[in-house]
Amino acid sequence: MLSVSDAEATILQLVQPLDSRRHTEVTDLLAANGRILASPVTSHLDFPHWDNSAMDGYAVRYEDVRDCSEEKPVVLEIIEEIPAGVQPKSIIQSGKAARILTGAVMPDGADTVVMQERTRREENQVFILTTPKPKEFVRQQASYYKAGSQLLPVGIVLNAQELAVLAAVQCTKLNVFRRIRVAILSTGDELVTPETPLQAGQIVDSNQYTIAALVQQTGAQPIMLGIVRDDPAALEEAIARALTQADIIISSGGVSVGDHDYVEQILESLGGKIHVRSVAMKPGKPLTVATFPPSSPLSSSPLYFGLPGNPAAVLVTFWRFVQPAIKKLSGLAEGWEPKFIKARASQELRSDGKRETYVWGQMRLRDGIYSFYPASGVQNSGNLINLAQTNSLAVLLVGQTLVAAGEEIQVLIQ
């Protein structure tokens, strides 16, 4: 049985990110939201594209206004008004000024903007009442970005902020990593779909929906393969089919030591190499991780996760191991590791100390302090009802049997 840290290290070492030369696609700007950039982006445009005003005011020559005050204002003739989006028509010479609005192009000859609150206007003359700084309120061309240099690096997620930048510099076609394909199947004769009338002894397959939603939240594409009965031939056929369709295969159930737990022997019969068989954690002890050779030169080496069947164990093992693996595989350059922060326990937390124990609940920020509130009710791996609104997992390490209320605890966050 592996420790949690050894299992994590083993899994993440197995994951090789998508190849930026083979596993990419071109997408347009709007469709790029949430995608991972596969090639560095450059633009042919400077930003700002030209010198422009950062204020409503007057474009002037600094030499004309370098020594003025309310008692001794400099008076300039206004020869033009320049709104945003209009090309200036005049050259600002000594003793002249142009009325200019925010974002408008600076006219030739002017090098400084005096904000309107520091002026007084009388007809076609403006009185400059304070001395500005040289080049004040002028956004210089290429001061934020110079054309031809790298704008965005490989391996970042493209969110609203990045799309705004890309739109501003007219980069509308982007090379992104393809989405990771994740096949999902549930095993067990007792399982039925949510639409099926429930008979005595049957269990609704909630895991398929849980895992599909978690996969979507990582930006990957779930492929739902449904319920597979406890029949070795059917299970082998389903896994073999999944290996041809997906980069990652996730099954739930069938990885313990029950009479109908066939997964590991089937994985080996299909050419899989098993790297993890169980982990010293609670919930989530029966965890199987295997790798397979790639099915083609253009595919990645499929990675198999056999998760426990209990709903809470599915959530814990996905957040702890599967989510980082998907993020790393997807081409994300950094930030794919599990994220832990320190928080105060809102109440007493207990464990038997034999395995690393995960308690589900909510992280809340109050008065500048993060506190962890365990979910109400029984913390049992089969109790999916109190998983609702869970956003974090408190961790009690091996040998740690008690965390008192108010004490600091490590918490895995999403």
Side-chain angles (χ1 to χ4, degrees), residues 3-5 7-8 11 184 186 203-218 250-253 255-256 278-287 305-327 336-366 369-414:
S3 68
V4 173
S5 59
E8 176 190 3
I11 292 167
I184 305 164
S186 300
I203 298 173
V204 176
D205 176 23
S206 62
N207 287 345
Q208 186 114 189
Y209 296 84
T210 301
I211 297 170
L214 290 168
V215 166
Q216 287 177 322
Q217 289 169 11
T218 68
I250 303 175
S251 69
S252 61
V255 292
S256 188
S278 63
V279 183
M281 65 187 299
K282 182 180 180 180
K285 176 183 173 182
L287 174 71
F305 287 94
L307 306 186
N310 288 322
V314 166
L315 179 70
V316 170
T317 51
F318 190 97
W319 278 359
R320 191 64 183 84
F321 302 118
V322 184
Q323 180 173 275
I326 293 176
K327 288 184 175 181
W336 37 262
E337 305 91 342
K339 295 180 175 63
F340 294 91
I341 66 171
K342 296 292 186 180
R344 290 182 182 175
S346 66
Q347 63 189 67
E348 184 180 277
L349 303 175
R350 288 186 175 273
S351 164
D352 62 14
K354 296 178 181 178
R355 290 179 278 161
E356 190 164 301
T357 300
Y358 289 76
V359 179
W360 51 96
Q362 289 188 10
M363 180 76 79
R364 301 175 191 167
L365 180 62
R366 292 184 175 174
I369 298 173
Y370 282 105
S371 294
F372 176 79
Y373 293 79
S376 60
V378 178
Q379 289 268 334
N380 181 287
S381 60
N383 181 12
L384 60 75
I385 299 302
N386 68 356
L387 290 178
Q389 300 185 68
T390 291
N391 64 9
S392 53
L393 302 169
V395 185
L396 281 75
L397 302 177
V398 174
Q400 188 176 22
T401 58
L402 173 65
V403 175
E407 285 189 349
E408 191 174 73
I409 190 168
Q410 182 174 254
V411 180
L412 174 64
I413 61 172
Q414 296 308 296

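Throughout, residue positions are numbered sequentially from 1 according to the sequence presented.
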Compare every heavy atom of [Y] with every heavy atom of [X], then report the nearest pair and how far apart it is.
X      : Y      : value
Pro324 : Phe318 : CD-O, 4.2 Å
Gly284 : Pro308 : CA-CG, 3.9 Å
Val279 : Ala7   : CG2-CB, 3.8 Å
Ser186 : Asn207 : OG-CB, 4.5 Å

(request) Taking the side chain as every heavy atom from C-beta outward, state whether Pro374 and Gln379 have any atom pair closer than 4.5 Å. (result) yes
(request) Would you mind reporting whether Leu315 and Leu214 have side-chain heavy atoms less than 4.5 Å apart? (result) yes
(message) Take a 6.0 Å sphere around OH of Tyr373 and say whether it holds more than 12 heavy atoms from other residues, nucleotides or ligands.
(response) yes
(request) Output the distance between atom OG1 (Thr401) and atom NZ (Lys354), rounded to the nearest 0.5 Å. (result) 12.0 Å
(request) With rounding to the nearest 0.5 Å, note down the distance linking CG in Leu402 to CD in Gln400. (result) 8.5 Å
Between side-chain atoms of residues 339-349 and protein atoms elsewhere (two or more places apart, or another chain), which donor-acceptor pairs fall under 3.5 Å?
residue	atom	partner	partner atom	Å
Lys339	NZ	Gly335	O	2.8
Ser346	OG	Phe372	O	2.9
Glu348	OE2	Arg350	NE	2.8

(request) Would you mind telling me which of Ile211, Thr210, Ile184 makes a side chain to side chain contact (heavy atoms under 4.5 Å, CB included) with Ser252? (result) Ile211
Identify each donor-acceptor pair in which a side-chain atom of residues 407-414 lies under 3.5 Å from a protein atom, sequence neighbours left out, and give them as a table.
residue	atom	partner	partner atom	Å
Glu407	OE1	Ala404	N	3.2
Gln414	OE1	Trp319	NE1	3.2
Gln414	OE1	Gln323	NE2	2.9

For residues 384-397, which side-chain N or O atoms pair as donor and acceptor with protein atoms under 3.5 Å away, sequence neighbours left out?
residue	atom	partner	partner atom	Å
Asn386	OD1	Trp360	NE1	3.0
Asn386	OD1	Asn383	ND2	3.4
Asn386	ND2	Ser376	O	2.9
Asn386	ND2	Val378	O	3.0
Thr390	OG1	Leu387	O	2.9
Asn391	OD1	Met363	N	2.7
Asn391	ND2	Met363	O	3.4
Ser392	OG	Met363	N	3.1

Under the side-chain hydrogen bond (donor to acceptor under 3.5 Å, both in side chains) test, residues paired with [X] that sit two or more places apart:
X      : answer
Thr317 : none
Glu8   : Arg320
Ser3   : Ser5, Asp6

(message) Under the criterion side chain to side chain contact (heavy atoms under 4.5 Å, CB included), I'd like the reasoning laid out for Phe321 against Leu307: C-alpha separation, chi angles, the key distance, then a yes or no.
(response) CA-CA 10 Å; Phe321 302 118; Leu307 306 186; over 6 Å; no
